[in-house]
Amino acid sequence: MRILLVWDYDRIDLTHPIVDSLKNAELVFLYKYDKVVLDEKYPYQIFYWNNYSNPYQIIAAAKPDKIVFMEVETFHQVALNIAALNSGIITYRLEHGIKAPFKSYSIYTAGIKKSGKSSAGTVVKGKSSLGTLLFYLSSFRLRNLSSAYKFLKFIYTRSRQGINEGLLHCKFDLRKTSRYIDFTPFNSRFTMERDSPRTESYLYIGNPYFDKYFRYINSVSATEVQEGKYYLLIDSAFVEDQMSNMDIETLLQFYAKLNNYCKSKNARLKIKLHPLSYGAGYLLNDPNIDYLKEVNVIQEILNSAGCFHSHFSTLTPLAMYYKPCILFNAYPVFNIDIIEAKLITVVDFFTFNMDDIVFADLDDRGKQVILDHYLYATDGKACERLTKILMN
């Protein structure tokens, strides 16, 4: 089985579970527009968009039996999906993170446009507008004639209205993958609203990024979990992600306030940095703060006195399931679900004081909500389920 992964292979945290699931497959990658020197460290065959003038050339070069997309939203990605479907190749959109409701992203994008700020862009610059257009148009075949109007309309909606609104207002079958693999039905609301695929197109597996954590939890006894004298912040890449546009001073003030709370409890502050922040040179220098990178995160969670979250990220529901947590609400539009669920204390990121930090254990109802919405199962077998789907 030869599988083409249209995937950010630089994010080892997002790639490793997939590679681990597909040990018996031949994997090749496509993500960037042009080669960069660092790509030479990877043991995979890697293809680049700009080396090809149409998506059928990519298929001819990569020779995939199946294609797995991280996302299908750019003209290049949609064109490759169309070419694959025309070529009889099954395509999948594999979820890679916990999603807020689709409206959250639309509202946020609208705010970015209104403020004049820039949103996150592609890691490596792509082709010119004309080259991109020709690449997209080259995917069309006579057999696609019934979709011609929406195929052409997509050029306008995607270009003029941006990714989210463009996709929402121009849905057509050629833009949808054959199957959608997601963590839970609740998490799939995002693509259901944006793409409107058939319900039977969805396959649910749980979160493959949690398998190693559940295996660890299921292997340790209660006596091995020793609560340490520290609180753990599972941080977000607010400075690096180019979406939040948070200034460094504001972030460091947040760190300092959390650290003061920890000191008042005779505890340390541990900050699990987001992978995008591993190289940050601006971090607050304080002997009471430990910055964590490549660590056993679930062990740090279980041994903490409680967890702080500055954003409802992938690790948040996992931490909530096992430890009392506090969410510091920096961007409410992305925290709608957790605010409405009223499962943990939510305080304002910018204005909170120490008295606002009140931890409480999650009750059985709350745990069931977390399980249903975000975890699916705690057996650590999401990768096994993914293997059965993609290797079938």
Side-chain angles (χ1 to χ4, degrees), residues 6-8 14 18 66-75 77-82 84-85 90-110 119-120 146-147 149-151 153-154 157-158 161-210 243 311-314 316-317 331-341 343 368-377 382 385-386 388-390:
V6 187
W7 203 266
D8 183 359
L14 299 182
I18 300 172
K66 296 181 176 181
I67 300 178
V68 178
F69 289 90
M70 189 177 199
E71 190 51 273
V72 185
E73 56 187 23
T74 69
F75 288 116
Q77 292 163 351
V78 174
L80 181 59
N81 187 64
I82 293 172
L85 296 178
I90 297 176
T91 61
Y92 301 82
R93 183 212 181 255
L94 175 60
E95 185 55 78
H96 59 281
I98 289 178
K99 289 290 194 293
F102 180 81
K103 64 180 180 181
S104 298
Y105 299 87
S106 296
I107 294 170
Y108 185 79
T109 301
S119 58
S146 62
S147 298
Y149 172 71
K150 288 188 176 179
F151 174 83
K153 179 186 175 185
F154 183 61
T157 56
R158 174 66 178 79
Q161 299 181 29
I163 289 178
N164 293 318
E165 291 303 309
L167 295 172
L168 180 66
H169 292 112
C170 193
K171 302 173 184 177
F172 58 105
D173 287 343
L174 292 176
R175 191 169 66 69
K176 304 169 188 176
T177 54
S178 309
R179 298 286 186 270
Y180 286 72
I181 306 174
D182 209 327
F183 306 157
T184 67
F186 185 82
N187 201 54
S188 66
R189 298 167 304 156
F190 176 85
T191 50
M192 282 184 176
E193 184 174 351
R194 189 193 68 178
D195 300 344
S196 298
R198 297 183 304 277
T199 303
E200 58 269 26
S201 298
Y202 281 94
L203 301 166
Y204 300 108
I205 62 172
N207 193 326
Y209 310 108
F210 287 172
M243 287 187 66
H311 179 62
F312 191 76
S313 64
T314 301
T316 305
Y331 299 97
V333 68
F334 286 113
N335 297 322
I336 292 173
D337 289 333
I338 199 63
I339 293 172
E340 293 181 347
L343 299 177
Q368 190 60 49
V369 170
I370 295 299
L371 184 65
D372 292 342
H373 285 189
Y374 306 108
L375 304 183
Y376 185 78
R385 290 185 278 272
L386 178 62
K388 289 179 180 179
I389 292 170
L390 295 180

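In this chain, numbering begins with 1 at the start of the sequence shown.
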Of all heavy-atom pairs between [X] and [Y], which one has the smallest distance, and what is that distance?
{"X": "Gly97", "Y": "Thr314", "value": "CA-OG1, 4.0 Å"}
{"X": "Arg175", "Y": "Phe154", "value": "CD-CE1, 3.8 Å"}
{"X": "Ile205", "Y": "Arg385", "value": "O-NE, 2.8 Å"}

Got [X] and [Y] here, is their nearest side-chain heavy-atom distance under 4.5 Å?
{"X": "Met192", "Y": "Tyr180", "value": "no"}
{"X": "Leu386", "Y": "Leu94", "value": "yes"}
{"X": "Glu193", "Y": "Leu168", "value": "yes"}
{"X": "Thr316", "Y": "Ile338", "value": "no"}

Arg179 atom CZ, over 12 foreign heavy atoms within 6.0 Å
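Atom CZ in Arg179 is not crowded, with 12 or fewer foreign heavy atoms closer than 6.0 Å.
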Check the side chains of Tyr204 and Ser188 for a donor-acceptor pair under 3.5 angstrom, ignoring hydrogens and angles.
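Tyr204 and Ser188 do have a side-chain donor-acceptor pair below 3.5 Å.
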Taking side chain to side chain contact (heavy atoms under 4.5 Å, CB included) as the criterion, tell me which of His96, Glu95, Lys99 meets it with Phe183.
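Going through the options one by one, the only one that passes is Glu95.
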Nearest 0.5 Å please: distance from the [atom1] atom of [X] over to the [atom2] atom of [Y].
{"X": "Arg93", "Y": "Gln77", "atom1": "CZ", "atom2": "CD", "value": "10.5 Å"}
{"X": "Leu14", "Y": "Asp8", "atom1": "CG", "atom2": "CG", "value": "7.0 Å"}
{"X": "Leu167", "Y": "Thr74", "atom1": "CG", "atom2": "OG1", "value": "9.5 Å"}
{"X": "Leu80", "Y": "Phe69", "atom1": "CG", "atom2": "CZ", "value": "4.0 Å"}
{"X": "Lys176", "Y": "Ile82", "atom1": "NZ", "atom2": "CD1", "value": "12.5 Å"}
{"X": "Glu71", "Y": "Thr177", "atom1": "CD", "atom2": "OG1", "value": "9.5 Å"}

Quiz item: cation-pi between Lys150 and Phe172, 6.0 Å / 45°
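No, cation not above the ring by the 6.0 Å, 45° rule.
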